[in-house]
Amino acid sequence: SLEAGGQLMSPKSPLKVFGEAKKKINDIFTDIEKYITDAKSFVSSIVNLEYELTSTDDEEFIDELCNRVCGIQEMLNRDRMKVAFFGRTSNGKSTVINAMLKRRILPTGMGHTTNCFLQVEGGTSDEGTMYEPIPDSNEEQVRSIESINQLASALSEVKLNESSLLRIVWPQDKCNLLRDDVVLVDSPGIDVSPDLDKWITKHCLDADVFVLVANAESTLMQTEKNFFHKVSNMLSKPNIFILQNRWDASARGTPSEETIKLVKQQHLDRAKAFLVNELGVVSKAEAEKRIFFVSAEEALIARVHQEAGTPTPTSALSEGHQGRLFEFATFERRFEECISQSAVQTKFAQHAVNGKDMVVKLHKLIGIVRESAVSCYESKQQQRIDAASQLDYVEKQLELLTSDVRAKIDEVVLDIEKKVASAFTDEIRR
Ligand code: GDP
């Protein structure tokens with residue numbers, strides 16, 4: 001079912017899966033961190049004992065694990081879902097992004113002169129910020145942006161080369177997508193003499209989803225296709241969506257429904273052949289779920305009104321808009337499912353493998369320390385038993401010795417007594 005703004009009603013966005021997975025894996029790494037710091041203080045407390053249960057090598061190894069965990073935690077905090085939009089200038093990339101964000105954040109139309117990559121991401125501040133790279137340096141010029149108009153005028157002053165990336169951090173509370181950790185990247189038009197390899201390596205290797213915004217009024221251009229050929233050469237099976245945009249315009253003025261159907265089928269066949277046969281990124285059945293006939297302009301108008309709580313004037317939308325709004329919402333749903341699933345896989349699966357590896361290694365180390373403690377205890381115990389039996393022997397010897405001496409003394413005493421007694425009897429006789 002469809003809400004007023006043309007969005008699918010649903011209790012929970014698939015994007016939440018990413019947030020939940022991120023929270024879960026973060027909690028796991030907090031536990032791992034605790035396990036490692038406990039192990040570290042334990043090992044430090046016994047490393048200087050005389051028993052040689054552990055060594056400074058072990059201490060260093062645990063330090064290394066600490067650093068690794070911190071590194072992963074930092075990466076986790078930065079991990080977001082990334083979608084990159086491509087297509088020829090004026091196909092409607094910025095309009096699609098705005099429609100997905102439900103507000104006109106990026107400037108659109110011919111007046112838009114910024115010909116570099118624009119990245120929109122969420123921030124916790126209630127003000128926007130623009131980070132503009134300063135050419136030939138690693139620094140950025142930071143500008144705070146209070147309003148969308150101010151952003152448009154700031155962007156119109158930007159003169160950057162086409163492979164630079166300008167970041168716009170926007171209050172995330174105002175857009176669900178941003179709040180759910182989606183980063184959107186708008187590219188300069190593919191027709192703008194692009195250095196495709198550089199674009200891909202600089203901005204696309206970590207993209208979870210690519211959206212080709214095509215113009216439904218014409219066929220896919222070779223430059224558009226070339227780009228995706230390169231992408232699928234560099235990334236194994238990239239997730240690609242094709243939006244046949246401006247479908248309102250193609251539908252407008254077309255004589256019959258029959259013709260519209262025919263045109264649609266032609267686009268669909270070509271787009272499918274591109275994804276399935278040329279790129280080999282999806283199966284025939286899956287391809288159906290990757291191609292959409294939309295009007296980003298209508299979707300944007302409907303969403304802006306929906307956000308403002310005002311009814312969308314039907315005059316602003318063309319005939320048949322319901323179907324196109326529905327198609328846009330279906331695209332968003334599939335996109336959300338795809339991006340969260342892909343991001344969880346590509347971003348967290350490796351962290352999980354690393355986390356497991358660390359726990360296994362630490363467990364092994366602690367196991368070795370434990371074993372040497374046990375054998376040390378046992379050998380001390382043996383020493384104690386040996387010492388005790390030696391003591392026993394000495395005691396017995398001593399006893400034997402003293403009993404000998406005592407017997408001798410008794411003898412001597414007896415002898416003396418005898419002698420004294422006989423001397424005494426002699427005396428009496430005399
Ligand atoms: P970009 O250069 O690819 O980012 O294209 P823009 O988003 O700036 O759009 C170029 C122009 O096409 C703007 O004037 C938009 O209002 C208009 N436009 C974008 N999408 C549609 C659409 O679906 N239908 C119609 N009729 N116009 C659109």
Side-chain angles (χ1 to χ4, degrees), residues 5-7 83-120 148-149 151-153 155-156 158 160 162 164-166 168 184-194 199 203 210-221 223-224 227-228 241-254 260 263-264 267 271 291-305 312-332 335:
Q7 281 165 282
V83 49
F85 296 82
F86 292 90
R88 273 177 299 146
T89 318
S90 294
N91 278 3
K93 295 180 293 298
S94 315
T95 311
V96 170
I97 292 175
N98 287 343
M100 292 173 80
L101 294 171
K102 294 187 218 158
R103 60 196 65 221
R104 296 182 185 275
I105 293 182
L106 297 181
T108 56
M110 306 310 273
H112 165 205
T113 49
T114 321
N115 256 327
C116 65
F117 281 82
L118 291 181
Q119 173 166 313
V120 186
I148 285 171
N149 284 344
L151 176 65
S153 86
L155 283 174
S156 68
V158 168
L160 287 170
E162 73 215 21
S164 313
L165 177 95
L166 186 145
I168 299 161
L184 304 99
V185 178
D186 192 6
S187 62
I190 257 171
D191 44 346
V192 192
S193 64
W199 280 17
H203 307 301
F210 294 84
V211 177
L212 167 59
V213 181
N215 186 344
E217 291 164 296
S218 66
T219 47
L220 280 185
M221 303 283 278
T223 37
E224 291 169 320
F227 174 76
F228 284 96
F241 284 84
I242 298 180
L243 290 183
Q244 295 286 357
N245 194 35
R246 310 175 78 93
W247 191 232
D248 56 324
S250 344
R252 213 180 299 141
T254 317
I260 299 178
V263 174
K264 188 172 180 174
H267 278 309
I291 303 158
F292 299 89
F293 292 79
V294 296
S295 165
E297 187 66 33
E298 286 178 338
L300 176 59
I301 292 170
R303 268 96 198 273
V304 167
H305 279 285
T312 310
T314 28
S315 59
L317 309 172
S318 302
E319 209 192 307
H321 62 267
Q322 278 293 344
R324 290 186 295 274
L325 289 179
F326 184 79
E327 184 103 346
F328 197 89
T330 315
F331 152 68
E332 284 179 307
F335 157 79

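Predicted model only: the values in this text are computed from it and were never measured. All ligand and atom numbering here is 1-based and tracks the order in the structure.
Between Val83 and Val185, every side-chain heavy-atom pair lies at or beyond the 4.5 Å cut-off.
The aromatic rings of His203 and Phe117 are tilted relative to each other, their planes meeting at an angle between 30° and 60°.
The distance criterion of under 3.5 Å between nitrogen or oxygen atoms is met by Gly109 with respect to ligand 1. Some N or O of Gly92 is nearer than 3.5 Å to an N or O of ligand 1, by distance alone. When only interatomic distances are considered, the shortest N/O to N/O separation between Trp247 and ligand 1 does not fall below 3.5 Å.
Less than 4.0 angstrom separates some heavy atom of Thr89 from each of these atoms of ligand 1: 2 (O). Close contacts between ligand 1 and Ser295 involve ligand atoms 22 (C), 23 (O), 24 (N) [criterion: under 4.0 Å to a heavy atom]. Close approach to Arg88 involves these atoms of ligand 1, each under 4.0 Å from a residue heavy atom: 3 (O). Counting atoms of ligand 1 from 1 in the listed order, those under 4.0 Å from a heavy atom of Lys93 are 1 (P), 2 (O), 3 (O), 4 (O), 5 (O), 7 (O).
Note on ligand 1: Ala296 sits in its first shell, one or more heavy atoms being nearer than 4.0 Å. In this structure, Ser90 counts as a contact residue of ligand 1, since one of its heavy atoms falls inside 4.0 Å of the ligand.
Judged by distance alone, with hydrogens and angles left aside, the side-chain atoms of Glu327 form a donor-acceptor pair with the main-chain N or O of Phe293 at under 3.5 Å. Proximity of a side-chain donor or acceptor of Asp248 to a complementary backbone N or O of Ser318 within less than 3.5 Å is not detected. Proximity of a side-chain donor or acceptor of Lys93 to a complementary backbone N or O of Arg88 within less than 3.5 Å is detected.
Taking each of Arg246, Glu298, Glu297 in turn, the one with a heavy atom nearest to atom 11 (C) of ligand 1 proves to be Arg246.
Proximity of the aromatic rings of Phe210 and Phe241 is defined here by a centroid distance below 6.0 angstrom, and this criterion is not met.
If you check the side chains of Thr95 and Arg104, you find no donor sitting under 3.5 Å from an acceptor.
Under 4.0 angstrom from ligand 1, the non-hydrogen atoms of Asp248 all belong to its side chain.
Taking both residues in full, the closest heavy atoms of Arg246 and Glu217 are given as NE-OE1, 3.0 Å, listed atom of the first, atom of the second, then distance.
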